[in-house]
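Let me begin by presenting the structure, written as structure tokens, before commenting on it.
All values reported here derive from a predicted model rather than from experimental measurement. Every chain is numbered from 1 and lettered A, B, ... according to where its sequence line falls, protein lines coming before strand lines.
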Number of protein chains: 2
Amino acid sequence: MEIKVVRKVLDVNNMMAAQNRQLFAEKGIFVLNLMSSPGSGKTAILEKTLSRILPEIRTAVIVGDICTSNDADRLAKSGAPVVQVNTDEFGGDCHLAAHVIASAAANLNLNAIDLLIVENVGNLVCPAEFDIGENARAVVLSVTEGEDKPLKYPLMFRVCHAAILNKTDLLPYLDYDKEAALRNIHQIHADMPIFEMSAKTEQGFEAWLKWLGKGVRG
Amino acid sequence: MEIKVVRKVLDVNNMMAAQNRQLFAEKGIFVLNLMSSPGSGKTAILEKTLSRILPEIRTAVIVGDICTSNDADRLAKSGAPVVQVNTDEFGGDCHLAAHVIASAAANLNLNAIDLLIVENVGNLVCPAEFDIGENARAVVLSVTEGEDKPLKYPLMFRVCHAAILNKTDLLPYLDYDKEAALRNIHQIHADMPIFEMSAKTEQGFEAWLKWLGKGVRG
């Protein structure tokens, strides 16, 4: 009974996601869904990414959080249009759903952007299940989170098109087997591109920006 | 409609949780529900905790993960009875529910334990909503996760009885405002005890073990 209801919710979501996808395609917008655990550095990555791609790539951001507008406030400093979604208005949802993205996008001038980045709610589980109409999905994993996360949260790594291994500046201070982490990611998703980088030092950003730019240019 | 169904699921869960709570009380077992983001160090904390409290406090562990038995394998080395729950058998659930705990507990000799620790699925959102029949809840936050997590995931910090600020050994290498983190926790939950500790160096473990022992002794 419960499973049937969940399936229906996902069916409705998929329908709304298809509508989003068509709208974004008509407007020529590349949409990236950025997901991760809380605190892996999504917002810091976006701050640095925006500072490097603006104004060449006209970018807007939709930020999902249960509460607060902290992340939106940080990202708005870049000058990019930012829409904050607080899911506590939707029952404290642990993910962004397609209808939420549709409402948020209505606050943006879709004729004036090339790239829409959605910073999802910090959660390595549920967001992986909800299509929001994006063109690509990326997952951020921080080197402080442990090597086995791809094996423990396989759906997230299976559905994503790229992985960012963030906070590499901390590697000297951790007992972290980076090769094992890379191997675990590829065990779940063979050949997925992995960008080893640090949002703090901006080391490794070039490959990530190249991948992002390639998506935007289609 | 969806909200009503969710409410019904939570009602059923609360009923099962009450049954668990009564069973554990009859057996004189103190039950701790340990929650956090993925990678904050729950398993490492438990490894060190078990090594210090066994065999004086007869402890068993139920470990929740979507996939893998990595954590259970690590914890079983302590000699404590460990039951692994893989939620992918329950539709990839992002939390442990009361009926899952009831099934898992049926694999333990409840007459031979004083303390049952439940290591929940790594997720700072959904597990906070599901009573599993525990006596106390603790949340682990790692200093690599950012200071504002208590404000962004308030329910978790509201429902817990104690917070662990883990990985303090990394503080010298981070731009982390620890006082802000402590302040944010107390803004959500005034007077909640916070244990600043490192599962790596075991610094700060005494206060945590004292709190845990006090719970066990009732």
Spacing of A/K152 atom NZ and B/D65 atom CG [to the nearest 0.5 Å]: 4.0 Å
Nearest-0.5 Å distance that lies between atom CG in A/L124 and atom SG in B/C94: 12.0 Å
Pairs of heavy atoms under 4.5 Å with chain A: top-ranked of B/L155, B/D71, B/L141: B/D71
Region of A/P154 in contact with chain B, defined by heavy-atom distances below 4.5 Å: side chain
Side chain, backbone, both or neither of B/K149 within contact of chain A (heavy atoms, under 4.5 Å): side chain
CD on A/E145 to OG on B/S40, rounded to 0.5 Å: 9.5 Å
Inter-chain contacts: residues 163-175 of chain A against chain B, heavy atoms under 4.5 Å: A/K167, A/L170, A/Y173, A/L174, A/D175
Sequence-distant partners of A/E47, side chain to side chain contact (heavy atoms under 4.5 Å, CB included), two or more places apart: A/A44, A/R74, A/L75
Interatomic spacing from CG in A/N70 to CG in B/D148 - rounded to 0.5 Å: 5.0 Å
Side chain to side chain contact (heavy atoms under 4.5 Å, CB included) assessment of B/C126 paired with A/N123: CA-CA 9 Å; B/C126 319; A/N123 182 337; 4.3 Å; yes
Under the side chain to side chain contact (heavy atoms under 4.5 Å, CB included) test, residues paired with B/K77 that sit two or more places apart: none
Top of B/G122, B/G146, B/S142 for chain A proximity - count of heavy-atom pairs under 4.5 angstrom: B/G122
Residue-level interface, residues 181-200 of chain B with chain A, non-hydrogen cut-off under 4.5 Å: B/K200
